Amino acid sequence: MGVRLAAIQASVATTWTYIESSAMAPTVATGIALAALYSLRALLQADDEQIYGWWRAATQLSDLSHPLRLDALGSSPLEKYQARLATLRDLPEVTALSSLDEIHTFIREAINTGAPRYNAGDVIGCCIAYWATMAALASAPVFRGFPGYAKMVAQLREVVEQPPPAAPFAGRGIDEFAWQLRHALDAILAIQG
């Protein structure tokens with residue numbers, strides 16, 4: 001079938017426009033976001049021959065039966081779904097990994113997106129940019145091993161696979177999550193091949 005990331009992101013952008021409408025009742029917006037994630041999950045499962053990093057990350061994000069640490073960015077179901085949709089929108093097109101330099105390039109791009117968001121007061125947007133890149137990189141297959149790969153993927157998975165806390169992040173918790181993600185990205189940038 002060949003689902004493309006650009007098509008997924010266009011669909012998510014359309015959904016986002018509807019749920020952000022000021023005239024939309026929260027229960028209707030929640031239903032639309034939920035339906036979009038379920039539909040995306042079905043579409044991705046139907047295209048299970050893909051092994052791309054972005055595809056695996058998108059599959060994980062659309063699986064509402066599997067809680068993610070990212071879910072703690074929202075306190076209501078709608079906010080949790082919005083965080084997942086926003087992460088899908090920010091997902092980089094990581095297919096497979098072939099070098100540490102390639103990984104560093106994706107990380108620098110995430111920092112170049114997330115840091116300005118953070119500095120502008122959009123701490124959640126910063127978390128989403130960082131987490132999206134980390135999830136895609138952690139999920140990407142590798143053509144063949146290269147120096148630093150095992151250490152890098154272990155660090156990424158340690159952060160991405162952490163279970164959500166018992167309660168949603170609030171205020172300082174969101175800021176701490178952003179810094180946890182940033183420190184993990186910086187640690188991976190320090191890995192040399």
Side-chain angles (χ1 to χ4, degrees), residues 2-9 12 37 40-41 43-45 47-64 66-73 83-118 122-164 169 174 176-193:
V3 175
R4 302 278 183 239
L5 179 58
I8 289 170
Q9 290 174 327
V12 167
L37 288 165
L40 177 58
R41 177 79 174 158
L43 180 68
L44 290 165
Q45 285 181 321
D47 193 22
D48 64 355
E49 293 180 13
Q50 293 203 47
I51 57 167
Y52 300 140
W54 69 260
W55 181 87
R56 290 176 176 172
T59 301
Q60 180 183 25
L61 285 161
S62 65
D63 183 1
L64 296 174
H66 181 71
L68 303 172
R69 190 161 185 84
L70 185 73
D71 294 337
L73 292 173
R84 287 185 182 228
L85 289 168
T87 306
L88 284 160
R89 207 174 48 188
D90 275 0
L91 209 57
E93 194 158 359
V94 177
T95 53
L97 301 174
S98 59
S99 72
L100 202 54
D101 287 340
E102 180 182 24
I103 293 165
H104 287 173
T105 298
F106 280 112
I107 289 173
R108 284 187 199 96
E109 289 171 2
I111 291 170
N112 288 338
T113 299
R117 287 179 183 178
Y118 183 92
D122 182 9
V123 181
I124 290 175
C126 172
C127 292
I128 285 168
Y130 291 168
W131 199 93
T133 297
M134 295 175 81
L137 290 171
S139 300
V142 63
F143 285 124
R144 62 171 195 251
F146 50 86
Y149 171 75
K151 185 175 182 180
M152 178 278 309
V153 80
Q155 287 182 347
L156 286 171
R157 287 185 180 150
E158 180 180 329
V159 174
V160 171
E161 294 174 0
Q162 284 181 344
F169 295 132
I174 295 171
E176 289 171 1
F177 184 49
W179 280 108
Q180 175 193 21
L181 296 171
R182 176 59 189 267
H183 291 313
L185 292 172
D186 288 340
I188 293 164
L189 283 175
I191 297 171
Q192 300 299 313

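Quantities reported herein were computed from a predicted structural model and do not represent experimental measurements.
- To the nearest 0.5 Å, atom CD1 of residue Ile107 and atom CG of residue Leu185 are 5.5 Å apart.
- Counting heavy atoms from C-beta on, the side chains of Arg69 and Phe177 come closer than 4.5 Å.
- Listed by chain and number, the residues in a side chain to side chain contact (heavy atoms under 4.5 Å, CB included) with Glu102 are Leu97, Ser98, Ser99, Phe106 (sequence neighbours excluded).
- Ala184 and Val159 get closest at one heavy-atom pair: CB-CG2, 3.7 Å.
- For the pair Leu181 and Cys127, the minimum side-chain heavy-atom distance is below 4.5 Å.
- Here the CD1-CD1 distance, from Ile174 to Ile124, works out to 4.0 Å after rounding to the nearest 0.5 Å.
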Could you give the side-chain donor-acceptor pairs of residues 146-157 under 3.5 Å, partners two or more places apart or in another chain?
residue, atom, partner, partner atom, Å
Arg157, NE, Ala138, O, 3.4
Arg157, NH2, Ala138, O, 3.2

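- A distance of 6.0 Å separates CG in Leu43 from CD1 in Ile8, rounded to the nearest 0.5 Å.
- Scanning all heavy atoms of the two residues, the minimum distance from His104 to Ile188 falls at NE2-O, 3.0 Å.
- Partners of Glu161 according to the side-chain hydrogen bond (donor to acceptor under 3.5 Å, both in side chains) rule, which considers only residues two or more places apart in sequence or in another chain, do not exist here.
- For Ala110, the side chain to side chain contact (heavy atoms under 4.5 Å, CB included) partners two or more places apart in sequence, or in a different chain, are Tyr130, Thr133.
- With sequence neighbours excluded, no residue forms a salt bridge (charged side-chain N to carboxylate O under 4.0 Å, His left out) with Arg56.
- With sequence neighbours excluded, the residues satisfying side chain to side chain contact (heavy atoms under 4.5 Å, CB included) with Gln9 are Leu5, Leu91.
- Shortest non-hydrogen contact noted between Trp55 and Leu44 is CZ2-O, 3.1 Å.
- Considering only heavy atoms from C-beta on, Leu68 stays 4.5 Å or farther from Thr87 through its side chain.
- Side-chain atoms of Ile128 and Leu73, non-hydrogen and from C-beta on, do get closer than 4.5 Å to each other.
- Scored by the salt bridge (charged side-chain N to carboxylate O under 4.0 Å, His left out) test, Asp122 finds no partners at all (sequence neighbours excluded).
- For Glu176, the salt bridge (charged side-chain N to carboxylate O under 4.0 Å, His left out) criterion is met by Arg172, not counting sequence neighbours.
- Contact record, Arg4 with Trp54: C-CH2, 3.8 Å, taken as the closest heavy-atom pair.
- Pairing each heavy atom of Ala140 with each of Ala96, the nearest pair is CB-CA, 4.4 Å.
- Considering only residues two or more places apart in sequence or on other chains, Pro163 meets the side chain to side chain contact (heavy atoms under 4.5 Å, CB included) condition with none of them.
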Full working for side-chain contact (heavy atoms from CB on, under 4.5 Å) between Leu40 and Thr59 | CA-CA 8 Å; Leu40 177 58; Thr59 301; over 6 Å; no

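- To the nearest 0.5 Å, atom OG of residue Ser62 and atom CG of residue Leu85 are 10.0 Å apart.
- For His183, the ring-ring contact (aromatic ring centres under 6.0 Å, His included) partners two or more places apart in sequence, or in a different chain, are Trp179.
- Sorted by first then second residue, the salt bridge (Lys or Arg N to Asp or Glu O under 4.0 Å) pairs that include residues 84-97, not counting sequence neighbours, are Asp71-Arg84, Asp90-Arg117.
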Mind running side-chain contact (heavy atoms from CB on, under 4.5 Å) on Ile111 and Leu189 for me, showing each step along the way?
-> CA-CA 11 Å; Ile111 291 170; Leu189 283 175; 3.8 Å; yes

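- For Trp131 against Gln60, the heavy-atom pair with the smallest separation is CH2-OE1, 4.1 Å.
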